[in-house]
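The first residue in the sequence is number 1, and the count goes up from there. Just so it is clear, the values below take in all heavy atoms, side chains as well, and ignore hydrogens, waters and symmetry mates. Everything numeric here is computed off the predicted structure, so don't read it as measured data.
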Amino acid sequence: MKDLPETGITPGGTTGAFRDVLSKDHARRGKPPMHFADMTEEERIAKAKDLGLPKFRVKQLANHYYGHFDVNAEEFSDFPATKRVEAAKVFFPTLITEVTRQVADEGTTIKTLWRLFDGSLIESVLMRYPTRTTLCISSQVGCGMGCPFCATGQLGLTRNMSAGEIVEQVRVAAKAMRDGEVAGGPGRLSNIVFMGMGEPMGNYKSVLSAVRQISSMPPEGFGISARNITVSTVGVVPGIKKLTAEGIPVRLAVSLHAPSDELRDELVPMNKRFNTTQVLDAAHDYYLASKRRVSIEYALMRGINDQAEHAKLLAKRLNHYGDNWVHVNPIPLNPIEGSKWTASKPEDEQQFLDILHKAGITATLRDTRGQDIDGACGQLAAKERD
C-alpha cells in the first residue's frame with residue numbers, strides 16, 4: 001500500500017475532493033528539537049558516542065525517562081557528573097511548556113494548554129474516574145478537517161506534532177498521577193485517547209511511534225497496555241487500513257456524526273473523499289482483524305442529526321455488517337460560543353439511545369467531563385490565540 005505522506009493527508013492539501021483547511025499560521029516552521037522519544041535506538045547510541053558515553057548509558061536514560069518519567073538529567077546520580085548537563089541538552093530538550101490549566105469536577109479533570117517550541121498551542125485533558133485515569137492527547141497543532149461544529153476545526157491545520165511532543169504529554173500526566181498531583185492521591189495513568197487536537201491519521205508516522213512508546217514495557221516505553229489506547233479518526237480510510245496491518249490491538253474510534261452521505265458531507269468534509277460506506281467497510285475490516293469492537297463517535301446536534309430517523313438509519317447501516325462489532329458513543333455536543341451547532345434536548349438524546357438499543361446495538365451516552373471549563377478541544381487554544 002502506498003505510504004501516507006508524513007505531513008497532511010492530501011498532497012499539499014490542494015487537490016482532490018477534500019482539501020486540508022490550513023491555518024493562517026501554516027508554514028514550514030522548522031522541526032521541533034530532536035528528543036530522546038524521537039530517536040531510534042541507533043540514533044541514541046550515536047548521540048551518546050558523540051558525548052563520549054558508552055552505549056549502556058542509553059539504557060540508563062531510557063530507564064529514567066520511561067520507568068521514572070524523569071528528564072532532569074542534571075540530577076541523575078547514576079550518570080557521570082561531568083556529562084549530565086550535556087546529556088540533558090542533547091536528549092531532553094523542553095518540548096512542551098504549560099501556559100495555563102483549568103480544573104473541574106472537584107479536581108479530577110485537568111485541562112492543560114501547552115506552548116510548543118515555535119509558539120504553537122495544543123491541549124491535553126486528564127480525567128480521573130473511580131476505576132481508571134484517561135489522558136486525551138493532541139497529535140497536530142490545529143486540524144485540517146474543517147468540521148464546522150468543532151472548535152479545533154475552526155483553527156485550521158498549523159503543523160504536525162513530533163513523536164516527542166506527543167509522548168511528552170503522556171510522560172507529564174503519568175508523573176502527575178504517580179506524584180499525587182491529581183485529586184484522589186497517587187495513582188496510575190491507565191488509558192490514552194488520541195482525541196485531542198488534530199486528525200491522528202494525518203500524522204500517522206509520529207502517532208504510531210508514540211503508540212509504540214506508550215504501550216511498550218519499560219525501558220522501551222511507559223507500559224500502558226495497547227488495549228487501553230484509542231486512536232480516533234474522522235474516516236481517513238488509508239490510515240485505517242495501515243493501522244489494521246500493524247496488528248497492534250489499539251481501539252479504533254471513528255467520528256461518524258451522521259448516518260448518510262448527504263448529511264455527513266456537510267458535517268465532516270472528509271466524507272467527500274472517503275464516504276460512509278468506505279469508512280464503515282474499513283472500520284469493520286479493522287474489527288475483523290483485531291477482534292476489538294470499534295467505537296463510533298457521534299456528536300448529537302439539536303435538530304440536525306439527533307432525530308429518530310437518524311438513529312434508525314445509523315442502526316441499519318451498522319447492523320448491515322452483523323452483530324456486536326461496534327460500540328456507539330453518542331456525545332452531547334460541547335457547543336462553540338456563538339455557533340449554530342447546539343446540544344440536543346435530553347429527551348432526543350434518550351430517544352436516540354433507545355432506538356439503538358432496540359436494534360441490538362451497544363450504545364452509551366458519553367460522560368461529559370469539564371462542562372464548567374472550556375471543554376471542547378481547541379476552545380482554550382483559540383481563546384489564548386485571540
Visitor: Assess whether side chain to side chain contact (heavy atoms under 4.5 Å, CB included) is satisfied between Ser138 and Gln169, documenting all intermediate values.
Guide: CA-CA 8 Å; Ser138 295; Gln169 296 170 78; 4.0 Å; yes
Visitor: Tell me, please, whether Tyr204 has Lys242 positioned over its six-membered ring: NZ or CZ under 6.0 Å from the ring centre and within 45 degrees of its axis?
Guide: yes
Visitor: Are more than 12 heavy atoms, taken from residues, nucleotides or ligands other than Asp50, located less than 6.0 Å from that residue's CG atom?
Guide: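 Yes, the 6.0 Å shell around CG holds more than 12 heavy atoms from other groups.
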Visitor: So, do Thr230 and Thr134 sit near enough that their side-chain heavy atoms are less than 4.5 Å apart?
Guide: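 No, their side chains stay 4.5 Å or more apart.
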Visitor: Between Trp325 (side chain only) and Leu318 (backbone N and O only), is there a donor and an acceptor less than 3.5 Å apart?
Guide: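 Yes.
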Visitor: Would you give me the side-chain donor-acceptor pairs under 3.5 Å for residues 248-257, sequence neighbours excluded?
Guide:
residue, atom, partner, partner atom, Å
Arg251, NH1, Arg293, O, 2.5
His257, ND1, Ala299, N, 2.9

Visitor: For Arg188 and Thr133, does a side-chain donor sit closer than 3.5 Å to a side-chain acceptor?
Guide: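 No - no donor-acceptor pair under 3.5 Å links their side chains.
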Visitor: Any chance the side chains of His64 and Asn72 put a donor and an acceptor closer than 3.5 Å?
Guide: no
Visitor: Would the distance check show the side chain of Asp179 and the main-chain N or O of Pro186 forming a donor-acceptor pair, the cut-off being under 3.5 Å?
Guide: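 Not at all, since once roles are kept as given, no pair shorter than 3.5 Å links the two residues.
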Visitor: Run the side-chain hydrogen bond (donor to acceptor under 3.5 Å, both in side chains) test against Glu98 and tell me which residues pass, sequence neighbours left out.
Guide: Arg101
Visitor: Can the positive tip of Arg292 be found less than 6.0 Å from the middle of the six-membered ring of Tyr286, inside 45° of the ring normal?
Guide: no
Visitor: Between Ile296 and Ile361, is there shared hydrophobic-cluster membership here, with clusters defined by ILVMFWY side-chain heavy atoms closer than 4.5 Å?
Guide: yes
Visitor: Counting only heavy atoms from other residues, nucleotides and ligands, does the tally under 6.0 Å from CD of Glu347 exceed 12?
Guide: yes
Visitor: As a quick check of understanding, evaluate side chain to side chain donor-acceptor pair (under 3.5 Å) for Ser120 and Thr158, giving each step before the final call.
Guide: CA-CA 8 Å; Ser120 295; Thr158 297; 5.6 Å; no
Visitor: Would you sort out whether Phe194 and Ile166 count as a side chain to side chain contact (heavy atoms under 4.5 Å, CB included), showing the intermediate values?
Guide: CA-CA 10 Å; Phe194 284 82; Ile166 297 169; 3.8 Å; yes
Visitor: With hydrophobic residues grouped by side-chain heavy-atom distances under 4.5 Å, do Leu288 and Val326 end up in a single group?
Guide: yes
Visitor: Verify the cluster assignment for Tyr321 and Leu313: are they in a single hydrophobic cluster under the rule of side-chain heavy atoms below 4.5 Å apart?
Guide: no
Visitor: Is it the case that the side chain of Glu349 and the backbone of Pro330 share a donor-acceptor pair, with hydrogens and angles ignored and the cut-off at 3.5 Å?
Guide: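 Side chain of Glu349 to backbone of Pro330: no pair is present.
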Visitor: Do Ser124 and Trp114 meet the criterion of a side-chain donor-acceptor pair at a distance under 3.5 Å?
Guide: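 Judged by distance alone, the side chains do pair up.
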Visitor: Does the pair Asp70/Arg171 count as a salt bridge with the N-to-O cut at 4.0 Å?
Guide: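 No.
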Visitor: Can you list the steps and then say if Glu165 with Lys31 is a salt bridge (charged side-chain N to carboxylate O under 4.0 Å, His left out)?
Guide: CA-CA 11 Å; Glu165 289 171 326; Lys31 290 185 175 180; over 6 Å; no
Visitor: List the residues meeting salt bridge (Lys or Arg N to Asp or Glu O under 4.0 Å) with Arg178, not counting sequence neighbours, and say none if there are none.
Guide: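 Not a single residue meets the salt bridge (Lys or Arg N to Asp or Glu O under 4.0 Å) criterion with Arg178.
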Visitor: Quick one about Thr233 and Glu199 (side-chain donor to acceptor, distance below 3.5 Å, no hydrogens or angles considered), yes or no?
Guide: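 Yes, side-chain donor-acceptor contact under 3.5 Å.
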Visitor: Check step by step if side chain to side chain contact (heavy atoms under 4.5 Å, CB included) holds for Ile304 and Trp341.
Guide: CA-CA 8 Å; Ile304 292 168; Trp341 315 94; 3.3 Å; yes
Visitor: Given the rule in the side chain to side chain donor-acceptor pair (under 3.5 Å) test, do Ser260 and Arg317 qualify, once you have shown the distances and angles that lead to the verdict?
Guide: CA-CA 9 Å; Ser260 68; Arg317 297 293 305 275; over 6 Å; no
Visitor: Indicate whether any N or O donor in one side chain lies under 3.5 Å from an N or O acceptor in the other, for Thr364 and His327.
Guide: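 A donor-acceptor contact under 3.5 Å links the two side chains.
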Visitor: Less than 4.5 Å apart, any side-chain heavy atom of Cys136 and any of Met127?
Guide: yes
Visitor: May I have the step-by-step check of side chain to side chain contact (heavy atoms under 4.5 Å, CB included) for Val141 and Asn160, ending in yes or no?
Guide: CA-CA 6 Å; Val141 179; Asn160 279 334; over 6 Å; no
Visitor: Are Tyr298 and Phe352 an aromatic pair, judged by ring center distance below 6.0 Å?
Guide: yes
Visitor: Answer yes or no: is there a side-chain heavy-atom contact under 4.5 Å between Leu365 and Pro332?
Guide: yes
Visitor: Just so I know, are the side chains of Lys241 and Asp285 near enough to count as touching, which here means a heavy-atom distance under 4.5 Å?
Guide: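 Side-chain contact under 4.5 Å: no.
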Visitor: When rounded to the nearest 0.5 angstrom, what distance separates NZ in Lys175 from CD in Glu181?
Guide: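 Nearest 0.5 Å value for the NZ-CD distance: 6.0 Å.
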Visitor: Should the pair Phe79 and Phe76 be assigned to parallel (<30°), tilted (30 to 60°) or perpendicular (>60°) ring geometry?
Guide: perpendicular
Visitor: For the backbone of Ser190 and the side chain of Asn228, can you confirm whether one donor and one acceptor N or O come within less than 3.5 Å of each other?
Guide: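 Yes; at least one donor-acceptor contact below 3.5 Å.
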Visitor: Phe222 vs Tyr65 aromatic rings, parallel, tilted or perpendicular, using cut-offs 30° and 60°?
Guide: tilted
Visitor: State whether Lys55 and Glu42 are salt-bridged, where the test is any N-O pair (Lys NZ or Arg NE/NH1/NH2 against Asp/Glu carboxylate O) under 4.0 Å.
Guide: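 Answer for the salt bridge query: no.
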Visitor: Does any non-hydrogen side-chain atom of Leu243 lie less than 4.5 Å from one of Met201?
Guide: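 A side-chain contact exists here, since the closest heavy-atom pair is under 4.5 Å.
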Visitor: May I ask you to decide if Ala151's main-chain N or O and Gln154's side chain share a donor-acceptor pair within less than 3.5 Å?
Guide: no
Visitor: Ring centroid separation for Phe91 and His35, is it under 6.0 angstrom?
Guide: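 Not under 6.0 Å, so no.
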Visitor: With distance as the sole test, does Asn275 use its side chain to make a donor-acceptor pair with the main-chain N or O of Gln278 at under 3.5 Å?
Guide: yes
Visitor: State which residue, out of Ser209, Ser216, Ser215, fulfils the side-chain hydrogen bond (donor to acceptor under 3.5 Å, both in side chains) condition with Gln213.
Guide: Ser209
Visitor: Under the 3.5 angstrom rule, does the side chain of Asp306 hit a backbone N or O of Gly303 as a donor-acceptor pair?
Guide: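 Here the side-chain-to-backbone pair exists.
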Visitor: I'd like to check Val279 versus Arg264 (side-chain heavy atoms, cut-off strictly below 4.5 Å). Are they in contact?
Guide: yes
Visitor: In sequence, state the C-alpha distance, the side-chain angles, and the governing distance for Gln140 and Asn203, and then conclude on side chain to side chain donor-acceptor pair (under 3.5 Å).
Guide: CA-CA 7 Å; Gln140 291 181 318; Asn203 188 14; over 6 Å; no
Visitor: Is there a donor-acceptor contact under 3.5 Å from the side chain of Asn271 to the main chain of Thr276?
Guide: yes
Visitor: What I'd like to find out is whether the side chain of Leu126 reaches to under 4.5 Å of the side chain of Val182, using heavy atoms alone.
Guide: yes
Visitor: Does Asn63 reach the main-chain N or O of Pro219 with its side chain, forming a donor-acceptor pair under 3.5 Å?
Guide: no
Visitor: State whether the number of non-hydrogen atoms from other residues, nucleotides or ligands found under 6.0 Å of Lys83 atom NZ is greater than 12.
Guide: yes
Visitor: Taking all non-hydrogen atoms of both residues into account, name the closest pair between Pro80 and Leu53 and its distance.
Guide: CG-CD2, 4.1 Å
Visitor: Look at the side-chain heavy atoms of Ile, Leu, Val, Met, Phe, Trp and Tyr, link any pair under 4.5 Å apart, and say whether Ile355 and Val328 land in one connected group.
Guide: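 No, Ile355 and Val328 fall in different hydrophobic clusters.
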Visitor: Quick one, Thr109 and Arg128 - any side-chain contact, counting heavy atoms below 4.5 Å?
Guide: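 No, their side chains stay 4.5 Å or more apart.
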Visitor: Taking Leu116 as the fixed residue, which of Thr97, Leu121, Ile96 is the one that meets the side-chain contact (heavy atoms from CB on, under 4.5 Å) rule?
Guide: Ile96
Visitor: Tell me if a side-chain donor or acceptor on Asn305 pairs with a main-chain N or O of Met301 at a distance below 3.5 Å.
Guide: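 Flag set: sc Asn305 to bb Met301 pair under 3.5 Å.
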Visitor: When rounded to the nearest 0.5 angstrom, what distance separates CG in Asp281 from CZ in Phe274?
Guide: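 Here the interatomic distance stands at 13.0 Å.
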